[in-house]
A.B. asks: 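Take this structure first; my questions come after.
Here is the naming used below: chain letters follow the sequence lines, and residue numbers restart at 1 for every chain. It should be emphasised that the depicted structure is a prediction, and the values quoted were computed from it without experimental measurement.
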There are 2 protein chains.
Amino acid sequence: MGTTQLESVPEPKYWHLKTVLSEALDRDFAVGEILPNERELAARFGVARATLRQALEQLELEGRLQRRRGVGTTVAPPRVGVAVGSTGHGWPGEAADGWEAVDAVEAVPAGAVLALLGTEAGRPVHTVRRTRVTQGQAVAAELLYVPAASVPGLSAIDAPAGPARARAVLRELQRLALDGQDRSVELGSARADDAKELDRLPGAPVLVVTTRYFTAEGTAAVSVATYRADTCRLTFGDTGMEITETRAAS
Amino acid sequence: MGTTQLESVPEPKYWHLKTVLSEALDRDFAVGEILPNERELAARFGVARATLRQALEQLELEGRLQRRRGVGTTVAPPRVGVAVGSTGHGWPGEAADGWEAVDAVEAVPAGAVLALLGTEAGRPVHTVRRTRVTQGQAVAAELLYVPAASVPGLSAIDAPAGPARARAVLRELQRLALDGQDRSVELGSARADDAKELDRLPGAPVLVVTTRYFTAEGTAAVSVATYRADTCRLTFGDTGMEITETRAAS
DNA sequence: CAGTGGTCTAGACCACGGA
DNA sequence: CCGTGGTCTAGACCACTGA
């Protein structure tokens, strides 16, 4: 087909398609509803499947759609607000904040984490894995790095592997006096292990929240939490107020 | 080089390719260096150009690469940390925080913003456009919505269009007593106008920071700031400390 | 102008989920 | 088993940049 006609400004097809689909979603579809499959949609709009997919990818990135292999494409609910900054500025694991300890091992982390911790290479570091569940949905996977030097009260193997050991590390952490913390957010893509926890494919877009916890002695712990970017809106409400309803800026 | 051989677990080609490229970037390339062009790289790795592009897209999303049409693909510098949460929790435009007022118009915003403002539809709202420049690079574009009712001291046309008018709105805002604020971060894609300000293509991934400013009377203003997700790391340091060096989690 | 990345096509096969 | 989305190919043309 002769692609387009006379477009003074040749807007890409997938971009226009995305707009059309977005309006159709608002107008004709309810949350959870299944869209026609990709081949069908592509035929209906007269484009190649790859082009249609480019539009769907954008909409998924914006949290409008959810696609699952073997199942289909559904209309996504509005993003859930996930509190990140409020909750008392305390140690991780202090309250019932939705985090669940999964496991803990003693390992030597990679260079980037080492730089954040400010410890020398080769020193043992407790690595705690936690997941966060909100409204029955896994929204985040975290790796919490605690240098063994930060929690001298914790003997090497005083708890068996698994959740119990993870909780032991968190418990020891809370005995320290928290001096302050430091947080940053950036875009990343899910590593294979995080993707599995989040029920996504590797490479899925995630919001990486890096937190450093300080005591008088220095950096006592570093947390790297990866949140599903498609379904989450991170909230930093100091006032604790909730944004009731919103939609990502196109 | 015939890339790889038989993989018992058929890891996607683009994923493996991304890993190989990522290691090559760390090892053999300096920041700012130009990579071979896409056709050349695809041939060298024995894959179709589309597959090679899928790997490059991931690396660009992670801030490792920068691609510009007509120019080429270069190795990106580490992401710049951009302070978002600290700086006194004050009104926008209070200090020399890198924001530059561009323009202001009186308009009636779309539904999502209206819901955030909590005002009735049809009421006039000052819409201020600002951009943020850090280290000579445009990192964010903002739309600040101020209901006319919030700044009664500002008569309709007491300043000509343009930056002067924008600054007038900001000045009026600072006469109010700020009661608190509320912030959220989510992933979005750049609208055409924002993309132009940020020197990116439409649809580029952005971090959307939505801030509500409260006075005793209610929501006095709402800011929607879109940050380039590829080059920015948003920092919320209450302590004002700086993360010196980091690399997104894979 | 030549060379780059951006868009688009029309196929093909594969991995996964559910019936 | 079938239907879904996920991956991959080998082309083509276009829009933009810089010399």
Side-chain angles (χ1 to χ4, degrees), chain A residues 1-18 21 33-43 45-61 65-76 189-190 192 195-196 199-205 230, chain B residues 3-4 6-18 33-43 45-61 65-76 189-190 192 195-196 199-205 230:
Chain A
M1 52 196 56
T3 55
T4 42
Q5 310 79 354
L6 19 141
E7 292 253 354
S8 57
V9 178
E11 187 182 47
K13 268 190 191 178
Y14 79 91
W15 186 258
H16 178 245
L17 198 53
K18 180 200 134 184
L21 284 170
E33 197 168 342
I34 303 181
L35 267 64
N37 71 55
E38 296 182 350
R39 290 160 181 86
E40 159 85 27
L41 281 176
F45 287 101
V47 299
R49 192 178 153 219
T51 305
L52 186 270
R53 277 180 61 81
Q54 211 170 344
L56 293 185
E57 260 150 40
Q58 284 257 347
L59 290 169
E60 192 180 28
L61 200 79
L65 293 179
Q66 206 157 341
R67 299 193 286 173
R68 276 186 303 164
R69 168 151 52 177
V71 179
T73 302
T74 57
V75 180
S189 51
K196 194 169 182 182
D199 190 30
R200 300 253 60 200
L201 291 171
D230 55 343
Chain B
T3 57
T4 43
L6 19 140
E7 293 255 355
S8 58
V9 178
E11 188 181 44
K13 268 190 191 176
Y14 78 91
W15 186 259
H16 179 245
L17 199 52
K18 180 199 135 187
E33 198 168 342
I34 303 181
L35 268 63
N37 70 55
E38 297 182 349
R39 291 159 180 88
E40 159 85 26
L41 281 175
F45 287 101
V47 298
R49 194 178 151 217
T51 305
L52 186 270
R53 277 180 62 81
Q54 210 170 343
L56 293 185
E57 262 150 38
Q58 284 258 345
L59 290 169
E60 192 179 29
L61 201 79
L65 293 178
Q66 204 158 342
R67 300 193 286 173
R68 276 186 303 163
R69 169 153 49 177
V71 179
T73 302
T74 56
V75 180
S189 50
K196 194 169 183 182
D199 189 30
R200 299 254 61 200
L201 291 171
D230 55 344

A.B. asks: Counting only side-chain nitrogens and oxygens, does A:K13 get under 4.0 Å of the OP1 or OP2 atom of C:dG6?
C.D. replies: no
A.B. asks: If we only count heavy atoms from C-beta on, is the B:L65 to B:L35 side-chain gap below 4.5 Å?
C.D. replies: yes
A.B. asks: Under the side chain to side chain contact (heavy atoms under 4.5 Å, CB included) test, which residues partner A:R68, sequence neighbours left out?
C.D. replies: A:V71
A.B. asks: Tell me the interatomic distance from B:Q58, atom CD, to D:dC8, atom P, rounded to whole angstroms.
C.D. replies: 12 Å
A.B. asks: With a cut-off of less than 4.0 Å, is there a side-chain N or O of B:Y14 near OP1 or OP2 of D:dT7?
C.D. replies: yes
A.B. asks: So do the side chains of A:W15 and A:Q58 get within less than 4.5 Å of each other, counting heavy atoms only?
C.D. replies: yes
A.B. asks: Have a look at the helix from C:dC1-D:dG18 to C:dG18-D:dC1 and give the angle its two end axes make, five pairs each, rounded to 10 degrees.
C.D. replies: 20°
A.B. asks: Report yes if some heavy atom in the side chain of B:F45 is under 4.5 Å from a heavy atom in the side chain of B:T51; otherwise report no.
C.D. replies: no
A.B. asks: Can you see if the side chain of A:N37 gets near the phosphate of D:dG3 - specifically, an N or O under 4.0 Å from OP1 or OP2?
C.D. replies: no
A.B. asks: Send over the distance from A:F45 CZ to C:dT9 P, rounded to a whole Å.
C.D. replies: 13 Å
A.B. asks: Whole angstroms only, please: what is the NZ-C1' distance between A:K196 and C:dA15?
C.D. replies: 15 Å
A.B. asks: List the residues meeting side chain to side chain donor-acceptor pair (under 3.5 Å) with A:E33, not counting sequence neighbours, and say none if there are none.
C.D. replies: none
A.B. asks: Any side-chain heavy-atom pair from A:S189 and B:K18 closer than 4.5 angstrom?
C.D. replies: yes
A.B. asks: Please name all residues satisfying side chain to side chain donor-acceptor pair (under 3.5 Å) with A:R53, sequence neighbours left out, ordered by chain then number.
C.D. replies: A:E38
A.B. asks: Just the rounded figure in Å: distance from P of C:dT7 to CZ of B:R53.
C.D. replies: 7 Å
A.B. asks: Can you find a heavy atom in the side chain of A:P202 that is under 4.5 Å from one in the side chain of B:E11?
C.D. replies: no
A.B. asks: Report the distance from atom CH2 of B:W15 to atom P of D:dC8, rounded to the nearest whole Å.
C.D. replies: 12 Å
A.B. asks: Quick check for you: among C:dA10, D:dG6, D:dT9, whose closest atom lies nearest to any side-chain atom of A:L201?
C.D. replies: D:dG6
A.B. asks: What is the distance from CG of B:L41 to C1' of C:dG3, rounded to the nearest Å?
C.D. replies: 15 Å
A.B. asks: Round to the nearest Å and state the distance from B:L52 atom CG to D:dA10 atom P.
C.D. replies: 13 Å
A.B. asks: Could you list the residues that satisfy side chain to side chain donor-acceptor pair (under 3.5 Å) with B:E57, not counting sequence neighbours?
C.D. replies: none
A.B. asks: Rounded to the Å, how far apart are A:E38 CD and C:dC16 P?
C.D. replies: 17 Å
A.B. asks: If you only use heavy atoms from C-beta on, which nucleotide in C:dT9, C:dG5, D:dG6 is closest to the side chain of B:T73?
C.D. replies: C:dG5
A.B. asks: Taking the nucleotide of DNA chain D with the closest heavy atom to each, which residue, B:Q54 or B:R49, is nearer the 5' end?
C.D. replies: B:Q54
A.B. asks: Can you give me the closest heavy-atom contact between A:A76 and A:Q66, atom names plus distance?
C.D. replies: CB-OE1, 4.0 Å
A.B. asks: Answer yes or no: does a side-chain N or O of A:T51 lie under 4.0 Å from OP1 or OP2 of C:dT7?
C.D. replies: no
A.B. asks: Base, backbone or nothing for each nucleotide of nucleotides 14-19 of chain D, written B, S, -, heavy atoms under 4.0 angstrom, 5' to 3'?
C.D. replies: -BBB--
